Visitor: 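My structure is below; once you've seen it, I'll send some questions.
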Amino acid sequence: MAATDTLKSKPGAQGGATGGLRRLLLDNGALTALIVLVIAMSALSGDFLTADNLLNVGVQAAVTAILAFGVTFVIVSAGIDLSVGSVAALSATVLAWSATEAGIPVALAVVLAVLTGIVCGLVNGFLVSYGKLPPFIATLAMLSVARGLSLVISQGSPIAFPDSVSHLGDTLGGWLPVPVLVMVVMGLLTAFVLGRTYIGRSMYAIGGNEEAARLSGLRVKKQKLAIYAFSGLFAAAAGIVLASRLASAQPQAAQGYELDAIAAVVIGGASLAGGTGKASGTLIGALILAVLRNGLNLLSVSAFWQQVVIGVVIALAVLFDTVRRKAGATAPAAGASGGDKGKQALTYVIAAVVAVAVVGATSLLHNDSSAAAKPKIGLSLSTLNNPFFVQIRDGAEEEAKKLGVDLTVTDAQNDASQQANQLQNFTSGSLDAVVVNPVDSDAAGPSVRGANKADIPVVAVDRGVNKADTSALVASDNVEGGALGAKALAEKLGGKGTIVILQGQAGTSASRERGAGFAEGLKDYPGIKVVAKQPADFDRTKGLDVMTNLLQAHPDIDGVFAENDEMALGAIKALGSKAGKSVQVVGFDGTPDGLKAVQAGTLYASVAQQPSELGRIAVRNALRAAEDEKVEKMVKVPVKVVTKENVAGFEG
């Protein structure tokens, strides 16, 4: 049976309006899921159904939707593209580097960025069509290549975006977000290509049966080149929009976005087997993910549970679609007739009316509710996959409980764009104050400026925010800490010897500042020679692997400086019996596991920042700012070098 055929529904007792409603719901599984989510969030949170928050949802869906539109072409043709997130980051980096470092005119830099995306797509298409590589393998390789090139071009550091292009992250008329307009335009282009062009019909034919398409005269190889080129083009557009929102090109941006894009396409009704899919379904899938994340932030759901809930909802949405098909609902059409399109348009109108009516009714539940007695503060952490930031959270939660504050904690997972979304959600969530630990100081600026406009005080913790007003910065000095680490290691080695440095995640301010401080401190000890520097991403396992590899080339080193304790602990594992004896290791952060290693003698020292105290002071100052009390602009928490001699009296 063709993809455009309508599956026969089984006759049943239900008829009339009830049967029509059931058919409406079954025929539009993703749309039904979106309506249910909107109604549920409106009922559970009085902050959800506001104009500002709904615009936030649109902005947060934009990048995922644009990526997903490009992925729709690939999935409809029975392919897969895992590289779109990395290609987006590479395209944005090329634009920023070309317009700033290379001095190329901005218009030409934009063209180069778009061409970068298209070329990446063409390489994917060539590997799949002519190289006979499975799409999964070809695009997985491009994922790594594009991300690596992004880091090479940027040298691991964010690059400021040209102001003329950054306006793509602004609003028109002070209220309509430009990313939403770009999303709509790209969605209309996707719908046109799929429904009105030869290549669009070819995608459905190739996805339905590639061999039959070839026998019918389609040049399948050339079509696949064009299909993957489309995907690269849309990835470039998404990267430019994302970097515009963050006012900087982040080499690590859009990590994992390829999975969100694929999920949006599948939730929207497309099949990974190919042959089905449409632009409207993809848009709905992206909106479902955005509504879900936004609503969970507003409901103060634990950052860890959010990942669980999102995974469950994605599974349920796809399961609902499976049930719909088995129940005899209409299959997604490759190219619907005029009558079918009229019914589809009527479906969306009815869905909108139903959603507005029900949501309007549920919003009345919040009209008479009294304001919360407790002050509300949001805390956005760069990551909770690191003991240092977990200690900041613990200190903040302890202080919030003591002061009677309702604290909402979110985890940006080292993703500047995800943190931007979370900060926007805080801004529209009726909070009294916000505490932010930026993934990147430049990228957090636009979102913090949004909080400034909403008169919500913002306190930065551990890292500052650039080009925005913060009531206070609660931090220790990473540069000073790096210099103290250099002094401690050099003096332990007697002022001479060879060392290696384990660097943190490329592009993060913590890695840059600690490394710069260590290099500056080492200038006082010319007898110390750095023989190798390698990133291990602040991760213990990577620290173990990188240190193991470095020991093959430099077996006789005398010392190791790791930019956090996690990497230091990995290095200790790799060094084995050498750690603390023939090789001295210095870490950074003063985490519980790091202090235990100091006490055991395997870690010589850790530059401790007292993260729990950072969290406590940040919440205390945020509450003062919310109550219009005087707050010091800069609150310094002392760093100290903890060794075996003083570890017993240290409290983080």
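Sequential numbering from 1 along the given sequence is applied to the chain's residues. This is a predicted model, so every value here is computed, not measured.
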Visitor: Can you name the closest pair of heavy atoms from V87 and A235 and give their distance?
Guide: CG1-CB, 3.9 Å

Visitor: Using distance only, find each side-chain donor-acceptor pair of residues 453-473 under 3.5 Å and give its atom names and separation, not counting sequence neighbours.
Guide:
from, atom 1, to, atom 2, distance (Å)
R463, NH1, P438, O, 2.7
N466, ND2, D442, OD1, 2.7

Visitor: Any non-hydrogen side-chain atom of E101 less than 4.5 Å from a side-chain atom of Q155?
Guide: no

Visitor: Please output the side-chain donor-acceptor pairs of residues 516-527 that fall under 3.5 Å, not counting sequence neighbours, one pair per line with the distance.
Guide:
from, atom 1, to, atom 2, distance (Å)
E520, OE1, K523, NZ, 3.2
Y525, OH, E491, OE2, 3.4

Visitor: So does K636 have more than 12 non-hydrogen atoms from other groups sitting under 6.0 Å from NZ?
Guide: yes

Visitor: In Å and rounded to the nearest 0.5 Å, what is the CD to OG1 distance from Q250 to T93?
Guide: 8.5 Å

Visitor: For atom CG of D170, decide whether the heavy atoms of other residues, nucleotides or ligands shown that lie under 6.0 angstrom number more than 12.
Guide: yes

Visitor: Atom CG of L381 and atom CZ of F389: how far apart are they, to the nearest 0.5 Å?
Guide: 7.5 Å

Visitor: Verify, without hydrogens or angle tests, whether N564 (side chain) and M567 (backbone) share a donor-acceptor contact under 3.5 angstrom.
Guide: yes

Visitor: Donor-acceptor pair, E399 side chain versus R620 backbone, under 3.5 Å?
Guide: no

Visitor: Output a table of donor-acceptor pairs, distance under 3.5 Å, between side-chain atoms of residues 406-415 and any protein atom two or more places apart or on a different chain; print 'none' if there are none.
Guide:
from, atom 1, to, atom 2, distance (Å)
T408, OG1, S300, OG, 2.5
T410, OG1, Q422, OE1, 3.0
D411, OD1, L384, N, 3.1
D411, OD1, Q413, N, 2.9
N414, ND2, Q505, OE1, 3.3
D415, OD1, S417, N, 3.0
D415, OD1, S417, OG, 2.6
D415, OD1, Q418, N, 3.4

Visitor: Check whether any side-chain heavy atom of S476 lies under 4.5 Å from a side-chain heavy atom of E613, and answer yes or no.
Guide: no

Visitor: Can you find a pair of side-chain heavy atoms, one from V63 and one from Y257, that are under 4.5 Å apart?
Guide: yes

Visitor: Taking the side chain as C-beta and beyond, is there a heavy-atom pair between D81 and M142 under 4.5 Å?
Guide: no

Visitor: Could you go step by step and tell me if R147 and Q255 meet the side-chain contact (heavy atoms from CB on, under 4.5 Å) rule?
Guide: CA-CA 9 Å; R147 183 69 64 185; Q255 284 193 340; 3.5 Å; yes

Visitor: Working note: N421 + R245, criterion side chain to side chain donor-acceptor pair (under 3.5 Å); need CA distance, chi angles, decisive distance, verdict.
Guide: CA-CA 10 Å; N421 293 342; R245 282 192 64 205; 2.9 Å; yes

Visitor: Would you compute the distance between atom OG1 of T383 and atom CD of Q419 and round it to the nearest 0.5 angstrom?
Guide: 10.5 Å

Visitor: Taking L82's backbone N and O only, do any of them form a donor-acceptor pair with T139's side chain (distance below 3.5 Å, no angle check)?
Guide: yes

Visitor: Got a sec: does the CD of E632 have more than 12 other heavy atoms crowding it under 6.0 Å?
Guide: no

Visitor: I'd like to know if the side chain of S150 reaches the main chain of A146, judged simply by a donor and an acceptor atom lying under 3.5 Å from each other, with no hydrogens or angles considered.
Guide: no

Visitor: For residues A571 and L502, report the shortest heavy-atom separation together with the two atoms involved.
Guide: CB-CD1, 3.8 Å

Visitor: I'd like to know if the side chain of Q60 pairs up with that of N425 as donor and acceptor (distance under 3.5 Å, no hydrogens or angles considered).
Guide: yes

Visitor: Run the numbers on I528 and I499 for side-chain contact (heavy atoms from CB on, under 4.5 Å), then give the verdict.
Guide: CA-CA 7 Å; I528 301 294; I499 65 171; 3.8 Å; yes

Visitor: Side chain of D432, backbone of I377: donor and acceptor closer than 3.5 Å?
Guide: no

Visitor: Side chains of N437 and S382: is there a donor and an acceptor less than 3.5 Å apart?
Guide: yes

Visitor: With a 4.5 Å cut-off on side-chain heavy atoms, are W97 and L112 touching?
Guide: no

Visitor: Any non-hydrogen side-chain atom of S83 less than 4.5 Å from a side-chain atom of N124?
Guide: yes

Visitor: Ignoring hydrogens, what is the shortest heavy-atom contact between A88 and L67? Give both atom names and the distance.
Guide: CB-CD2, 4.3 Å

Visitor: Ignoring hydrogens and angles, tell me if any N or O in the side chain of Q584 forms a donor-acceptor pair with the backbone of Y604 under 3.5 Å.
Guide: no

Visitor: For the residue pair R514 and D589, establish whether any side-chain heavy-atom pair is separated by less than 4.5 Å.
Guide: yes

Visitor: Shortest non-hydrogen contact from A96 to A249?
Guide: CB-CB, 3.6 Å

Visitor: Can you measure from CE (M547) to CG (D545) and round to the nearest 0.5 angstrom?
Guide: 12.0 Å

Visitor: Looking only at atom types and distance, does a side-chain atom of D565 sit under 3.5 Å from a main-chain N or O of F588, one as donor and one as acceptor?
Guide: yes

Visitor: For S447 and F426, what are the C-alpha separation, side-chain angles and deciding distance, and is it a side-chain contact (heavy atoms from CB on, under 4.5 Å)?
Guide: CA-CA 10 Å; S447 300; F426 283 160; over 6 Å; no

Visitor: Any non-hydrogen side-chain atom of L551 less than 4.5 Å from a side-chain atom of L575?
Guide: yes

Visitor: Show your working on side-chain contact (heavy atoms from CB on, under 4.5 Å) between I153 and L90 and close with a plain yes or no.
Guide: CA-CA 9 Å; I153 293 170; L90 175 60; 3.9 Å; yes

Visitor: So does A608 get a backbone contact from the side chain of S606, meaning a donor-acceptor N/O pair under 3.5 Å?
Guide: no

Visitor: What closest approach, in Å, do P251 and L151 show between heavy atoms, and which atom pair accounts for it?
Guide: CB-CD2, 3.6 Å

Visitor: Nearest 0.5 Å, what's the CD1-CG distance between I572 and L603?
Guide: 4.5 Å

Visitor: If we ignore hydrogens and angles and just use 3.5 Å, is the side chain of S244 paired with the main-chain N or O of V165 as donor and acceptor?
Guide: yes

Visitor: When rounded to the nearest 0.5 angstrom, what is the spacing between CD in Q609 and CG in D477?
Guide: 9.0 Å

Visitor: Could you tell me whether the side chain of D539 and the main chain of T541 form a donor-acceptor pair under 3.5 Å?
Guide: yes

